[in-house]
Structures are given as structure tokens and as C-alpha cells.
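Letters A, B, ... are given to chains in the order of the sequence lines, protein chains preceding strands, and every chain is numbered from 1. Both backbone and side-chain heavy atoms feed into the values below; hydrogens, waters and symmetry mates do not.
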2 protein chains.
Amino acid sequence: MSRDADRRELLAALHQAGRENSNAAVMFHAAVGARMGLNMTEEKSLDLLEREGALTAGEIAARTGLAPASVSGLIDRLERKGFVRRVRDNDDGRRVIVEMNREHVASFGTLFAGFVDGLEALYASYTNEQLHVILDFLRRSAAIQREATGELTSQT
Amino acid sequence: MSRDADRRELLAALHQAGRENSNAAVMFHAAVGARMGLNMTEEKSLDLLEREGALTAGEIAARTGLAPASVSGLIDRLERKGFVRRVRDNDDGRRVIVEMNREHVASFGTLFAGFVDGLEALYASYTNEQLHVILDFLRRSAAIQREATGELTSQT
DNA sequence: CCATATATTTCGTTCGGACGAACTAAATAA
DNA sequence: TTATTTAGTTCGTCCGAACGAAATATATGG
């Protein structure tokens, strides 16, 4: 049963490595945020806009769980720092659409230089077939984490 | 050059998926922390203790960049919530060693149930060979992120 | 021993971000 | 039109976490 033993070890190692990778991602994210002058809330909101595109203030409130007043303040800060723009909704003048300012975000690209280079070198070390496996894993792992986050966030 | 085209696409997809996976990890981490009654600083400190084992207050200060006074408060809070213990260092009575209370952390295991099940199912869908690739990727990716975090954190 | 250096804590203060309540403006219903 | 609902903002307040400076306790060098 050497095959089984190998697999058990493998799974344990994956558990550990996955944990450490998550951890490293969190730390990196925090470090990048700090360098960009963003707090956690601001960072998460930008990520939200990155993933979902422009959102109204109300949508941001719903997604982040913040009170409307807090979202106004949040948008103020992000706008002041140049990361987003407020755009009036033509269909409904009450709404405020918050658009990410991609140019400004991109201007911090140098912060990621080392990271990007490292990743490219890493990818370069794999065959196409292996990269397909990694891609599949990343996508499904992200889905699982988002699902789990949803479960934790929905009050139970 | 269909091979090259495939690879270019693959790399672009990996870039995107990697980003989203990181993001999902950050969100999940934050959600777990919120459920455990921890703020970001407390979470990061526990992660630190997880990775490096027991640390003195001063070491925590050095690793987190917090002022000594802030670390005292941090340890107070973590201790009050049951996540760590203060232990006097026998070799040097001035030092305070902070140990993680693993039992208490483990008691939140149910929060991770969905996540863990999901991951197990995911891993089950791969061959040993594929898992080796994923393991290698996770480890090297974590190292790259830690390296990049270090670069960002060291004042430059 | 005594003086000085080091590790941590205590104290008082400050600051940012989150909030509820009241307000403004726009949309919709009557 | 006028009344009501909805979206966001403003305002005043509160709370937690971070800090510097001073205090405490222990270690180390002269």
C-alpha cells in the first residue's frame, strides 16, 4: 500500500502548503494595501470593484455589510486618494455609481514587479499540461473559498 | 505556433485565476477572523505564532512592526479571548513568551468544515502525480509571496 | 554591589473608521 | 400635484487600537 501512504502524505503536505500559501497571500495583500495607503476596508472594496465592475453605493453596502453612512465615507476616502470616481446614474439620479480608476491602480504596478517576475519564472518551470492542472486547481479552490466565505458571512 | 498561443492564453488565465484565488483567500481569512472575534492584527499575529511557534513580545513587535506598547495590548486581548498564553521565560525573566493555545483555536474547527470538505473533494479529483504538481506550485508560490512581502515591508 | 542596558507594561492621548439619526434629492404612486 | 419610498450624504458620537513617555523588573558589565 505504498501508493496509499504516498497519497496520505501528499494530502497532509497539501493541507499545510495550502494553509501557508493562503497565509502568504493575506500578508502580501496587506503589505500591498499598506503601500498604497489603503486600509482593509478600502482594499476589499477595490477588490470588489475589480471583480464585479462598477457598483452603486448601495451595492457596496450590501456586499461589504457596511452601513450606508460608512460607505459614503469609504467612497470619499477612495475618491480623495484617486482610486475611484463617483458617477451619477443617468437612469436614476439618486444612485451613485462607483467606478474604479484603473490607471491609478495600475500606477502602483512597480510594487508588484518582484512578485510578477517571480510568478513568471515559476510558471516557466511547468509544462502546458501541468499549468492546466494548476489553473484548474486555482479556479476550483477560489470557488470553494468564496462558497465558504458566503457560509460564514450569512448570519447563522 | 498553436502551442505558443495555447501557452499565452494559459498564462493569462493563470494570472487572472491566481489573482482571484488570492482574493478569495483574503476574503475567507477575514470572514474566519470576524467569526472568531479577531481583528486583522490579532489574526496576523496568530498566523505568525502558527508558523514560527512561540515568540516573545519583542519578536512579535519586530515581525509585525508594532510598537512595544501595542504588542502588550495585543497580547492582552488575545489572552483574554483565550487564543494565547503568556509564559515567563526562565532564562531571562524580563522576557514574555507568547504561546498559541492550539486547543482553543481548534475549537473553531467547525467554521472550516465546509471549506475542508470542499478541499478534500477537490484533491480527490486529482491523481497523485497531479497533486505533486499542485503541492510544488503552492510551496513555491508561497515563497514568492513571502519574498515580495518582505521587499514591500522593508522600507525602500 | 552599583550603574546601565534591555524587555515589557502602564498610562494618557490621539486618530480613524463605523454608526444611527436627521437631512436632501430623486423616483414612483396615488 | 402631492405623498411616499428609496438612495446617498452630513453630522455628531463612540470605540478600539496604536502610540510615546514613563514606570517596572530583570539582566549584565564595571
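- Using a 4.0 Å heavy-atom distance criterion, B:Gly73 is classed as making no nucleic acid contact.
- When distances run from any side-chain atom of B:Asp92 to the nucleotides D:dA21, D:dG8, D:dT26, the shortest one goes to D:dT26.
- Not one side-chain nitrogen or oxygen of A:Thr56 sits closer than 4.0 Å to the OP1 or OP2 atom of D:dA7.
- When rounded to the nearest whole Å, the span between CG of A:Asp76 and P of D:dC11 equals 11 Å.
- In this structure, B:Arg80 places its CZ atom 13 Å from P of C:dT9, rounding to the nearest Å.
- The interatomic distance linking B:Glu42 (CD) with D:dA18 (P) rounds to 8 Å, in whole Å.
- Remark: C1' of C:dT9 and CD of B:Glu79 are 13 Å apart, rounded to the nearest angstrom.
- Atom CZ of residue B:Arg51 and atom CZ of residue A:Arg19 lie 10.5 Å apart, to the nearest 0.5 angstrom.
- Taking atom CE of A:Met40 as the reference point, atom P of C:dG17 lies 13 Å away to the nearest angstrom.
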May I have the step-by-step check of side chain to side chain contact (heavy atoms under 4.5 Å, CB included) for A:Ile144 and B:Asp117, ending in yes or no? CA-CA 9 Å; A:Ile144 289 167; B:Asp117 290 353; over 6 Å; no
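- Phosphate proximity of C:dA18 to A:Thr41: present, with a side-chain N or O under 4.0 Å from OP1 or OP2.
- Sequence neighbours left out, the pairs with a member in residues 57-90 of chain B that pass ring-ring contact (aromatic ring centres under 6.0 Å, His included) are B:Phe83-B:His104, B:Phe83-B:Phe108.
- The nearest heavy atom of DNA chain C to B:Pro68 and to A:Pro68 marks one nucleotide each, and the one closer to the 5' end goes with B:Pro68.
- Listed nucleotides: C:dG17, D:dG8, C:dA18. Nearest to the side chain of A:Asn39: C:dG17.
- Residue B:Ala69 is in base contact, counting any heavy-atom pair closer than 4.0 Å across all strands shown.
- Nearest nucleotide to the A:Ser70 side chain, out of C:dA18, D:dG8, C:dT9: C:dA18.
- Residue A:Arg94 has its side chain nearest to C:dA25 when only C:dC19, C:dA25, D:dC19 are considered.
- As judged by a 4.0 angstrom heavy-atom cut-off over every strand, B:Leu74 is placed among residues making no nucleic acid contact.
- Residues A:Asp91 and A:Ala67 each lie close to DNA chain C; by heavy-atom proximity, the contact nearer the 5' end of the strand is made by A:Ala67.
- Between the P atom of C:dA25 and the CG atom of A:Asp89 lies a distance of 18 Å, rounded to the nearest Å.
- For the residue pair A:Glu103/A:Ser107, the side-chain donor-acceptor check at 3.5 Å is not satisfied.
- The distance between atom CG of B:Asn90 and atom P of D:dA27, rounded to the nearest whole Å, is 10 Å.
- Between B:Arg77 and D:dA17, a side-chain N or O to OP1/OP2 separation shorter than 4.0 Å is present.
- Counting any heavy atom pair closer than 4.0 Å across all strands shown, A:Arg88 reaches no nucleic acid atom.
- Straight-line distance from the CZ atom of B:Arg86 to the P atom of C:dA7: 16 Å, rounded to whole Å.
- For A:Arg95, the listed nucleotide lying nearest its side chain is D:dA7; candidates were D:dA7, C:dT8, D:dA18.
- B:Thr41 and B:Arg77 form no side-chain donor-acceptor contact under 3.5 Å, judged by distance and modelled atom types alone.
- A donor-acceptor contact closer than 3.5 angstrom is absent between the side chains of A:Glu79 and A:Asn101.
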